[in-house]
Amino acid sequence: MCGVFGAFSTAGNPVLEEVYLGLYALQHRGQESAGVAWIDKSDQIRTIKGQGLVHLALNQAELATIDASSAIGHVRYSTAGGSGLANVQPLAANYCRGPVAIAHNGNISNASGVRRYLENRGAIFQSTTDTEVILHLMAHQPHKTELDALVDSLRKLKGAFSLAVALKDRLVAARDPWGFRPLALGKRDDVYYISSESCALDLVGADMIRELEPGEILVIDDEGVRSLRIPVEPRRKYLCSFEFVYFARPDSLISGRSVYEVRKNLGKMLAKGAPCNGDCVTCMPDSGTVAAMGYAEESGIPYEKAIVRNRYSGRTFIEPTQRVRELGVRKKLNPIRELIRGKSLTVVDDSIVRGTTSRRMVELLREYGASEVHMRISSPPVKFPCYYGIDTPTREELAAARANETALCAEIGATSLGYLTGDDLIQAIGLPEWEVCTACFSGNYMEDGERHEELDI
Ligand code: SF4
């Protein structure tokens, strides 16, 4: 998962510090690296990028001194391409039509086919990210304006892309025709903003104007905002349901829905579908917190914040190696012994992906004296990899794919294990089934599971 942010001042005021603040609010979407890009007064593309959290990768004071009235930024955790410095975004190039920089959230599922096609025609790639195919597709259409080349390039892509693109004198936002990842437009005074999530618009004091429609391109320049379409008509939409379950911040709005409200509903429906008579409901902090509150409210069992998270550490799921994940649980989460000793606990978590965190936590809770540990998961079992921008690379690594519910319960050492159903997930989100992606739960990938390696250029 990644986060993108962009700002454009129609009055020519500097915006790089605004972009820094936006990225800071989107930190939960990627912690491996951060970067910003802008086009300077001599039409050269400029980037500043670094590894790690936003405040380590970028220098806020330095950015505040740079005179750039349009800029984009990106926070990254690697899905396609690995975490090397060459893959840190925004990706930028000066091609024959001018400078261009791209920040991308999502995963282009036909990227390897497009890349092969371009390499066979002489393209030399600088990174291993899927995003770079967009730059090369544009460069292969030198007879078109940058904007026309960009629109035509996006038409050739399959899968998930929410983009912030810096062109000369313009900021462009684009969302794939299937609507996998969120993207919102905001405004404060003379500055337009684009952001992966509305919570970052709140931080910079902007009003959210609206979310981009799937397949929409917004062109922001001195004249204001213009809306274009990517000329692709998909049969259905695929808004990522995992955004509601785990990724997005609860203070964001997606598809007009409060992530907090949806997450609480997930917990309530879980309490109805997978009830439990424990002494108290607790959660795996922080992403299980709101669902646990919903579970407690619906079940009438008291909620206790019995597991404390070190708030200065990152989220386990978005760290790249198994070794770090294994270390992560104890480093980050510590139960409160006095609340746990001799108690039957209902522990609500948002998902079980590899199973490592759940197993370690159940172990720890038993070590601290819990008499029973009932795991309740506020999403259906994750059985299939995601090809649209979430780091779940192989089926073998997914706990629910290699073991059924009973076996997995034994594997993680819980007293019982219960999941939300697929129908309840859709109902809690409140959107029609044909607008929501549930592929990692159901295996129903876009267009009947094709990986879209075939090419139509
Ligand atoms: S497969 Fe799962 S994580 Fe990936 S986009 Fe679909 S719902 Fe989201």
Side-chain angles (χ1 to χ4, degrees), residues 1-4 28-30 76-80 104-111 130-131 157-163 175-183 196-197 211-212 214-215 234-249 252 254-255 257 259 262-263 266 287 291 315-318 320 349-354 377-401 419-452:
M1 182 55 57
C2 300
V4 301
H28 60 290
R29 296 183 73 86
R76 172 178 169 80
Y77 99 109
S78 54
T79 49
H104 170 206
N105 172 208
N107 203 0
I108 298 165
S109 51
N110 65 338
D130 54 337
T131 311
L157 304 180
K158 306 257 169 67
F161 52 91
S162 279
L163 305 175
R175 193 172 175 207
D176 67 71
W178 301 271
F180 277 100
R181 304 276 154 228
L183 196 60
S196 286
E197 285 184 42
E211 296 171 75
L212 272 77
R235 278 183 290 145
R236 49 159 290 180
K237 306 290 192 307
Y238 285 89
L239 175 63
C240 171
S241 54
F242 228 100
E243 293 279 353
F244 290 104
V245 170
Y246 174 79
F247 272 109
R249 262 176 46 169
S252 286
I254 297 179
S255 249
R257 281 144 184 81
V259 173
V262 170
R263 223 164 261 177
L266 294 172
S287 50
R315 299 201 299 183
T316 314
F317 183 27
I318 59 173
D349 199 359
D350 55 83
S351 56
I352 296 180
V353 179
R354 293 167 183 84
I377 308 301
S378 63
S379 65
V382 178
K383 291 183 177 172
F384 301 91
C386 172
Y387 299 121
Y388 314 120
I390 307 286
D391 179 24
T392 52
T394 64
R395 270 206 93 183
E396 295 68 47
E397 282 186 275
L398 296 172
Y419 283 98
L420 192 76
T421 66
D423 286 348
D424 284 349
L425 173 69
I426 295 293
Q427 209 182 317
I429 292 172
L431 285 168
E433 197 179 347
W434 57 89
E435 291 188 8
V436 179
C437 179
T438 57
C440 52
F441 310 120
S442 62
N444 296 329
Y445 294 106
M446 60 185 287
E447 303 192 7
D448 305 326
E450 290 171 44
R451 289 288 307 278
H452 303 294

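What's counted below: heavy atoms across the whole structure, side chains too, no hydrogens, waters or symmetry copies. In listed order, ligands and their atoms are each counted from 1.
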Compute the ring centroids of Y445 and Y387, then answer whether they are less than 6.0 Å apart.
-> yes
Atom indices of ligand 1 within 4.0 angstrom of R181 heavy atoms, with elements = 5 (S)
Qualifying residue, where the test is side-chain contact (heavy atoms from CB on, under 4.5 Å) with I108 and the options are D130, D176, T131 | D130
Determine yes or no for a side-chain-to-main-chain donor-acceptor pair under 3.5 angstrom, with N110 supplying the side chain and K158 the backbone.
-> yes
Is there a side-chain contact (heavy atoms from CB on, under 4.5 Å) between F242 and S351 once you walk through the steps?
-> CA-CA 9 Å; F242 228 100; S351 56; 3.8 Å; yes
Salt bridge (charged side-chain N to carboxylate O under 4.0 Å, His left out) between R29 and E243, worked out = CA-CA 10 Å; R29 296 183 73 86; E243 293 279 353; 2.9 Å; yes
Aromatic F244 / basic R263 pairing, under 6.0 angstrom, 45° off normal | no
Counting only protein N, O or S atoms and ignoring waters, those under 2.8 Å from atom 6 (Fe) of ligand 1 are C437 SG
